[in-house]
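Worksheet for the structure shown next.
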Amino acid sequence: MTSRIADCRLFLSEFRRNFRTTGAILPSGRRLSTALVHFVRESADHRPRRILEVGPGTGAVTRHLIRSMQPTDCLDLVELNQSFVDCLNDRFRSDPEFQSVAQRCRVLHCPIENLPAETSYDVLVSGLPMNNFAVAEVEHILGILRRLAAPGATVSFFEYMGIRRLKAAFSGRTERTRLRGIEQLVGRLLKDHEIRRDWIWSNVPPAYVHHVRF
Ligand SMILES: C[S@@+](CC[C@H](N)C(=O)[O-])C[C@H]1O[C@@H](n2cnc3c(N)ncnc32)[C@H](O)[C@@H]1O
């Protein structure tokens, strides 16, 4: 409980300092996290998997991911924010649940854009706040996620329901154009590749979890 409060404090302070990249006031809740790791939990076979979490923040989703990993799975966490990286490293040193898989996990302190081109993963989970990025950045990141996905891999990510429309209603023309551009990119991705969608009504605000396979 103390650690949850500390995580919320850290998140809030990073939201204030780095609003664009942090993108949320609080870490993801239990239901959202559980939905995001659906394809880590639901494994058809027991072959070793390479798992990537993009933007783990304080590790709220990571904890659920770790609980769902099989003994031969490996996990990379790619996080650009130094404070979150310190928090995650601390967790792998001192939290029993994180310690139990520490040998099979790496915390990579860099933006996803800097991951080596030859890397690939079987399951990808992203917490990136796409709605805060420029259209070209979103397009670039979606291309990177596609490149990092091994054949048959799944990519899971969330977005708050109706958030782009709500933001657009209170924004000027430039911002509306940016949001429409993201809507089109994400819409096209989902139309062509979405394999499952979870509705998390109890989240604040309510969210969709999208699962895609390229
Ligand atoms: C909305 S928070 C999600 C945190 C966590 N997954 C959760 O659900 O509580 C977004 C996270 O993405 C990270 N982030 C933003 N842009 C990134 C990038 N280009 N590469 C890696 N991490 C990034 C932020 O620092 C932050 O930790």
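Numbering of ligands and ligand atoms starts at 1, following listing order. Count residues from 1 along the sequence.
- In terms of polar-atom proximity, Gly23 is not counted as a contact of ligand 1, lacking any N or O under 3.5 Å from an N or O of the ligand.
- For atom 25 (O) of ligand 1, the nearest protein heavy atom (residue, atom name, distance) is Glu79 OE2, 2.5 Å.
- Heavy atoms of other residues, nucleotides or ligands lying less than 6.0 angstrom from CZ of Arg106 number 12 at most.
- Classified by interplanar angle (parallel below 30°, tilted 30° to 60°, perpendicular above 60°), the ring pair Phe84/Phe11 is tilted.
- Within the model, atoms CD1 of Ile141 and CG of Leu185 stand 11.0 Å from one another, a figure rounded to the nearest 0.5 Å.
- At least one N or O atom of Gly55 sits closer than 3.5 Å to an N or O atom of ligand 1.
- Interface of Gly127 with ligand 1, defined as ligand atoms under 4.0 Å from a residue heavy atom, comprises 1 (C), 2 (S), 3 (C), 10 (C).
- On a distance-only criterion, Glu113 and ligand 1 share at least one N/O pair closer than 3.5 Å.
- The closest protein non-hydrogen atom to atom 7 (C) of ligand 1 is Ser28 OG, 3.4 Å.
- The number of heavy atoms from other shown groups lying within 6.0 Å of CD (Gln70) is above 12.
- Taken from CG in Asp76 to CG in Leu148, the straight-line distance is 10.0 Å, to the nearest 0.5 Å.
- For ligand 1, the atoms lying closer than 4.0 Å to a non-hydrogen atom of Asn81 are 25 (O).
- Contact annotation for Thr22 and ligand 1: only backbone heavy atoms (N, CA, C, O) come within less than 4.0 Å of the ligand.
- Looking at His211 and Thr154, their side chains never bring a donor and an acceptor atom within 3.5 Å of each other.
- The neighbour count for Gln82 CD, taken as heavy atoms of other residues, nucleotides or ligands under 6.0 Å away, is above 12.
- Closest heavy-atom approach to atom 5 (C) of ligand 1 among the candidates Pro56, Gly29, Ala60: Pro56.
- Shown in contact with Pro27 at under 4.0 Å from a heavy atom are these atoms of ligand 1, numbered in order with element: 9 (O).
- Closest heavy-atom approach to atom 24 (C) of ligand 1 within the set Thr21, Ile141, Asn18: this belongs to Thr21.
- The pair Lys191-Glu194 fails the salt-bridge criterion, with no side-chain N (NZ, NE, NH1 or NH2) lying under 4.0 Å from an Asp/Glu carboxylate O.
- The Pro129 neighbourhood of ligand 1 comprises atoms 10 (C), with distances under 4.0 Å to a heavy atom of that residue.
- Of all the atoms in ligand 1, the ones that sit under 4.0 Å from a non-hydrogen atom of Leu80 are 16 (N), 17 (C), 18 (C), 19 (N), 20 (N), 21 (C), 22 (N), 23 (C), 25 (O).
- For Thr22 and Glu14, the side-chain atoms include no donor-acceptor pair closer than 3.5 Å.
- Surrounding CZ of Arg9 are at most 12 heavy atoms belonging to other residues, nucleotides or ligands under 6.0 Å away.
- Within ligand 1, counting atoms from 1 as listed, the ones closer than 4.0 Å to a heavy atom of Val78 are 21 (C), 22 (N).
- Here Ser33 has no heavy atoms under 4.0 Å from ligand 1, in either its backbone or its side chain.
- Residue Glu53 places a heavy atom less than 4.0 Å from ligand 1.
- Ranking the protein heavy atoms by distance from atom 20 (N) of ligand 1 puts Ile112 N, 3.0 Å first.
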Go through the steps to decide whether Glu183 and Arg180 satisfy the test salt bridge (Lys or Arg N to Asp or Glu O under 4.0 Å), and finish with yes or no. CA-CA 5 Å; Glu183 179 85 35; Arg180 204 167 33 243; over 6 Å; no
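- Within a 6.0 Å radius of CZ in Arg31, no more than 12 heavy atoms belonging to other residues, nucleotides or ligands are found.
- In summary, the atoms of ligand 1 found under 4.0 Å from a heavy atom of Leu128, numbered by their order in the structure, are 12 (O), 14 (N), 15 (C), 16 (N), 17 (C), 18 (C), 22 (N), 23 (C).
- Residue-ligand proximity, Val61 to ligand 1, at heavy-atom distances under 4.0 Å covers atoms 8 (O).
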